[in-house]
Asker: 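Below you'll find the structure I mean.
If you read the sequence from its start, that first residue is 1, and numbering goes on from there.
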Amino acid sequence: MKTDRTIRFFLAGLGAVGSRFLGLALGQRALLAARYGLRLMAVGVADRSGAALAPEGLDIARIVALKEARQGVASYPGAGRPGLAVREALAAVQADLLVEALPTNLRDAQPGLGLIRDALARGLPVATASKGPLVLAYESLSAAAAQAGVRLAFSAAVAGGLPTVNLGRRDLAGSTVLQVEGIFNSTTNYILTSMAEAGVPFAEALAEAQRRGIAEADPSLDVDGWDAAAKLVIVANSVLGRPTTLRDVEVTGIRGVTPEHLARAGREGRVLKLLALAERVGDDYRLAVRPTALEAGHPLARLRPWEMGVRYTTDTMGVIYAVIDEPDPLPTAAAVLRDVIDILALDGRNRGE
């Protein structure tokens with residue numbers, strides 16, 4: 001019989017991913033208890049309005065209802081703290097785990113970077129869906145986690161629910177990765193596929209991606225290639241073991257792709273995709289994100305509009321690839337939950353449970 005463990009967590013960020021994570025914590029409650037002996041209790045939640053804090057646990061269903069009513073969590077009756085900064089909110093509660101789902105910021109990664117550092121300094125494990133902190137400070141965060149003896153999990157930060165990082169780090173152990181090919185951005189894949197197959201204009205395809213909540217109101221990170229490049233940086237650091245920054249990646253987005261480019265690729269038996277690529281050259285890797293005409297038979301060329309995928313080519317394990325259909329942010333939130341379970345399962349094993 002599994003031991004019942006109550007895990008007090010602090011959630012930073014109640015956007016599309018954070019809100020869905022709370023929904024999963026509530027909806028998967030019976031499964032978590034039966035399969036893993038876990039009970040997740042929110043003791044703090046923060047969004048742009050401030051925070052809600054309760055050492056005895058917040059009512060997750062009430063928080064979900066507040067967000068559905070477009071109200072900030074600071075309006076939570078009795079526990080709401082309007083205007084409280086997220087790092088101050090974390091400092092004010094006793095938590096066992098930080099779940100970080102703040103908006104992507106590739107300039108300075110704040111406030112997520114500071115928040116993760118605060119958590120690791122307190123010995124709290126972290127599950128994050130944010131790319132910014134990992135892109136700008138992967139080495140220092142990994143070192144801080146190792147020093148504290150806790151996990152920093154981030155599988156949700158690279159192509160949502162696609163197990164890109166887990167596949168590379170765990171399942172390819174003992175091999176050398178010769179090449180990584182990834183379709184890491186669903187917005188650009190949707191746009192290019194819609195333009196090529198349905199003749200949809202760029203602006204119309206982008207607007208539909210925004211309507212579905214996949215693309216941000218400001219789509220620059222997506223269409224200019226920086227979102228895919230950020231994910232490639234995380235893969236390079238965590239899977240390839242190559243200290244990498246965005247400056248190491250050659251980046252070209254899709255704004256310059258025209259219907260003529262797509263038609264020409266089709267006539268040549270190719271499909272144009274925004275490909276994230278890491279190729280081993282000697283003892284190093286060459287990194288790029290750019291529109292690439294893939295052979296029609298390439299597994300990543302066959303991806304449908306809302307799919308993302310990764311293909312690893314290795315020296316001893318051959319070629320392995322994985323694909324996910326992710327038309328909304330739910331699989332990304334599920335990947336955060338996957339990381340939480342992984343963190344807590346490992347912690348339980350370390351404690352002999």
Asker: Any side-chain to backbone donor/acceptor pair from His261 onto Thr258? Under 3.5 Å, distance only.
Answerer: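 A pair under 3.5 Å: yes.
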Asker: Is the shortest side-chain N to carboxylate O distance from Lys273 to Glu181 below 4.0 Å?
Answerer: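 So Lys273 does not pair with Glu181 through a salt bridge.
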Asker: Using atom types as modelled and distance alone, determine if a side-chain donor or acceptor of Asp315 lies under 3.5 Å from a backbone N or O of Thr176.
Answerer: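 Present.
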Asker: According to side chain to side chain contact (heavy atoms under 4.5 Å, CB included), who are the partners of Asp227, at least two apart in sequence or on a separate chain?
Answerer: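 Counting only residues at least two positions away or on another chain, Asp227 forms a side chain to side chain contact (heavy atoms under 4.5 Å, CB included) with Lys131, Asn185, Leu221, Asp222, Lys231.
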Asker: Under 3.5 Å, side chain of Thr128 to main-chain N/O of Ser130, donor-acceptor pair present?
Answerer: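 Pair found, side chain donor or acceptor close to backbone of Ser130.
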Asker: Taking the side chain as everything from C-beta on, heavy atoms only, tell me whether Asn237 gets closer than 4.5 Å to Leu134.
Answerer: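 A side-chain contact under 4.5 Å is absent here.
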Asker: Between Arg304 and Glu307, does any NZ, NE, NH1 or NH2 come within less than 4.0 Å of an OD or OE carboxylate oxygen?
Answerer: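 Result for this pair is no, no salt bridge flagged.
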Asker: Apply side-chain hydrogen bond (donor to acceptor under 3.5 Å, both in side chains) to the pair Arg169 and Ser238, showing each step before the final yes or no.
Answerer: CA-CA 7 Å; Arg169 297 179 78 178; Ser238 63; 5.0 Å; no
Asker: Are the side chain of Ser75 and the backbone of Val73 linked by a donor-acceptor contact shorter than 3.5 Å?
Answerer: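 The answer is no, because no donor-acceptor pair under 3.5 Å joins these two groups.
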Asker: Are any of the side-chain nitrogens in Asp339 or Arg151 under 4.0 Å away from the carboxylate oxygens of its partner?
Answerer: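 Answer for the salt bridge query: no.
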Asker: Specify the closest pair of heavy atoms between Arg62 and Pro77, including all atoms of both residues, with the distance to one decimal.
Answerer: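 Looks like NH1-CG, 3.7 Å.
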Asker: Taking only residues two or more places apart in sequence, or in another chain, which ones meet Tyr312 in a ring-ring contact (aromatic ring centres under 6.0 Å, His included)?
Answerer: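 Tyr312: no ring-ring contact (aromatic ring centres under 6.0 Å, His included) contacts found.
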Asker: Taking C-beta and beyond as the side chain, do Leu141 and Leu120 meet within less than 4.5 Å on heavy atoms?
Answerer: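 In short, these two side chains touch, coming nearer than 4.5 Å.
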Asker: Quick one: closest heavy-atom pair of Ala296 and Val271, and the distance?
Answerer: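 Closest approach of Ala296 to Val271, heavy atoms only: CA-CG2, 4.4 Å.
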Asker: Connecting only ILVMFWY residues whose side-chain heavy atoms lie within less than 4.5 Å of each other, what is the rest of Leu300's hydrophobic cluster?
Answerer: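 Cluster partners of Leu300: Ile183, Leu275, Leu277, Leu294, Leu303, Tyr321, Val323.
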Asker: Before giving the answer on salt bridge (Lys or Arg N to Asp or Glu O under 4.0 Å), spell out for Asp284 and Arg242 the whole-Å C-alpha distance, their side-chain angles and the decisive distance to 0.1 Å.
Answerer: CA-CA 8 Å; Asp284 198 6; Arg242 182 193 192 278; 2.6 Å; yes
Asker: Quick one: does any side-chain atom of Ser19 pair with a main-chain N or O of Leu14 as donor and acceptor, under 3.5 Å?
Answerer: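 Judged by distance alone, yes, a pair lies under 3.5 Å.
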Asker: Report yes or no: does Ser175 contribute a side-chain atom to a donor-acceptor pair with the main-chain N or O of Leu172 at less than 3.5 Å?
Answerer: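 Present.
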Asker: Of the non-hydrogen atoms in Phe10 and Ala46, which two are nearest, and what is the gap between them?
Answerer: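 Smallest interatomic distance, heavy atoms only, reads CZ-CB, 4.0 Å.
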